[in-house]
Amino acid sequence: MSLQDVQNRADSRNLAINKVGIKNLRYPIVVKDRDHQIQNTAATISLYANLPHHFKGTHMSRFIEVFQRHSRRISMRNFLSILEEIKLVLDADSAFGSIEFPYFIEKKAPVTQQLGMMQYLCSFEGEVGIASSQFFVTVEVPVLTLCPCSKEISSRGAHNQRSFCKVRLQTGKDFFWIEDIITAVESCASSGLYSVLKREDERYVTEYSYDHPVFVEDLVREVTLKIEAMNLFPWFMVEAENEESIHLHNAYACIERGSKTK
């Protein structure tokens, strides 16, 4: 007995759908790693295509079939080709996709050199159309910031907090490592964070951050200068948010540079 392809039936409502597909699928993937060549991680995946007005529905399983074929080699260079394949398989004019994943880096404590794993949240986002495409990489880096005002007006110490700096980059043809973005961000904060700190390390981080106070405004400005100096990105945005330790609110700043290209 043949099974009917209901999604492929005609629809008479004359309404095209801009995006239809799968959202928030958890899936194991393999990504490039500067120090170890590859890294196994798990991603949250969303994939879509447009649907012409005359089709009743899309074929959801085909999104996953395409992604499965590429899941062992996800990279900045092949992400748009995955979307191109989805567009072709679904006979669509455009396809869209995003994957969000934790990226892990082994990091040494500043004094004892004890090793520990740090997690950084990353994402790839892309769109392909008939004659244009866009691709974005986002890296979120947790850091420590110490308040310059608190240090200036206090005779004993200064308040500090965990902060999150998110860099969203539109990429061209030039390849770059996620690790380079992380290093750039951490160098602009009062201190980077560590998963393992012994007493000697904790003293070092405490004293180092006290000597390098940073407002949220300072953080986004310094990171912007570092990213601009790389001369790789036609457009990027730097956001920073401080989870304030003595205020009820968070502090936030954002800088956007360049022009998005198609």
Side-chain angles (χ1 to χ4, degrees), residues 34 100-123 136-169 176-230 232-233 235-258:
R34 185 182 64 185
E100 299 177 351
F101 57 94
Y103 189 77
F104 294 93
I105 296 177
E106 197 170 48
K107 189 175 180 181
K108 292 179 180 179
V111 178
T112 64
Q113 303 292 289
Q114 289 273 359
L115 287 171
M117 298 299 295
M118 285 291 298
Q119 173 186 281
Y120 303 91
L121 296 180
C122 303
S123 69
F136 300 89
V137 176
T138 301
V139 183
E140 183 178 79
V141 184
V143 293
L144 172 67
T145 55
L146 184 134
C147 178
C149 180
S150 177
K151 176 181 176 179
E152 183 70 24
I153 65 177
S154 304
S155 59
R156 295 188 300 276
H159 84 78
N160 57 56
Q161 55 273 320
R162 184 179 298 177
S163 305
F164 294 88
C165 185
K166 183 183 293 186
V167 182
R168 189 167 188 250
L169 310 150
F176 67 96
W177 290 107
I178 290 173
E179 289 87 343
D180 293 337
I181 303 301
I182 293 169
T183 298
V185 172
E186 290 181 337
S187 71
C188 298
S190 297
S191 174
L193 299 186
Y194 303 85
S195 59
V196 178
L197 289 174
K198 307 301 284 185
R199 283 190 298 271
E200 301 93 325
D201 303 305
E202 188 169 344
R203 179 176 63 184
Y204 175 87
V205 170
T206 301
E207 294 176 345
Y208 183 89
S209 62
Y210 188 79
D211 292 335
H212 298 82
V214 173
F215 284 127
V216 69
E217 297 94 332
D218 297 318
L219 183 56
V220 294
R221 284 171 170 152
E222 290 299 321
V223 173
T224 295
L225 292 175
K226 293 271 187 179
I227 300 300
E228 279 189 324
M230 294 179 180
L232 296 174
F233 312 107
W235 174 92
F236 67 89
M237 182 171 65
V238 179
E239 296 177 279
E241 185 169 350
N242 291 353
E243 295 185 339
E244 293 288 298
S245 58
I246 66 171
H247 302 288
L248 187 58
H249 61 267
N250 286 358
Y252 173 84
C254 173
I255 294 178
E256 183 176 340
R257 301 288 282 177

key: Nearest-0.5 Å distance, SG of residue Cys122 to CD of residue Glu140   = 9.5 Å
key: Side chain to side chain, Val214 and Cys188, heavy atoms closer than 4.5 Å   = no
message = Applying side-chain hydrogen bond (donor to acceptor under 3.5 Å, both in side chains) as the test, list every pair that has at least one member in residues 196-215; sequence neighbours left out.
response = Thr112-Asp201
ask   = Does a sphere of radius 6.0 Å around NZ in Lys151 hold more than 12 heavy atoms from other residues, nucleotides or ligands, not counting ones at 6.0 Å or beyond?
value = yes
May I have the list of side-chain donor-acceptor pairs in residues 248-255 shorter than 3.5 Å, sequence neighbours left out?
unit_1 : atom_1 : unit_2 : atom_2 : d
Asn250 : ND2    : Glu241 : OE2    : 2.7
Tyr252 : OH     : Glu239 : OE2    : 2.5

task = Identify the two heavy atoms, one from Ser150 and one from His159, that lie closest to each other, and give their separation to 0.1 Å.
result = OG-N, 2.9 Å
key: Pairing residues for Tyr103 by the side chain to side chain donor-acceptor pair (under 3.5 Å) criterion, not counting sequence neighbours   = Glu179
ask   = Could you give the distance from CE (Met230) to CG (Leu225), rounded to the nearest 0.5 Å?
value = 12.0 Å
query = Can you name the residues that form a side chain to side chain donor-acceptor pair (under 3.5 Å) with Glu228, not counting sequence neighbours?
reply = Arg257
ask   = With distance as the sole test, does Thr183 use its side chain to make a donor-acceptor pair with the main-chain N or O of Asp180 at under 3.5 Å?
value = no
Atom of Val185, atom of Cys165 and distance for their closest heavy-atom approach = CG1-CB, 3.6 Å
ask   = Hey, is CZ on Arg168 packed in by over 12 heavy atoms from elsewhere, all under 6.0 Å?
value = yes
task = State, with a plain yes or no, whether a side-chain heavy atom of Phe101 is found less than 4.5 Å away from one of Ser123.
result = no
request  = Mind checking side-chain contact (heavy atoms from CB on, under 4.5 Å) for Glu186 and listing every partner two or more places apart, or none if nothing turns up?
outcome  = Lys107, Tyr120, Val141, Val143, Ile182
message = My understanding is that only residues two or more places apart in sequence, or in another chain, count here; which of them pass side chain to side chain donor-acceptor pair (under 3.5 Å) with Lys166?
response = none
request  = Return yes when atom CD of Gln113 has more than 12 non-hydrogen atoms of other residues, nucleotides or ligands closer than 6.0 Å, and no otherwise.
outcome  = yes
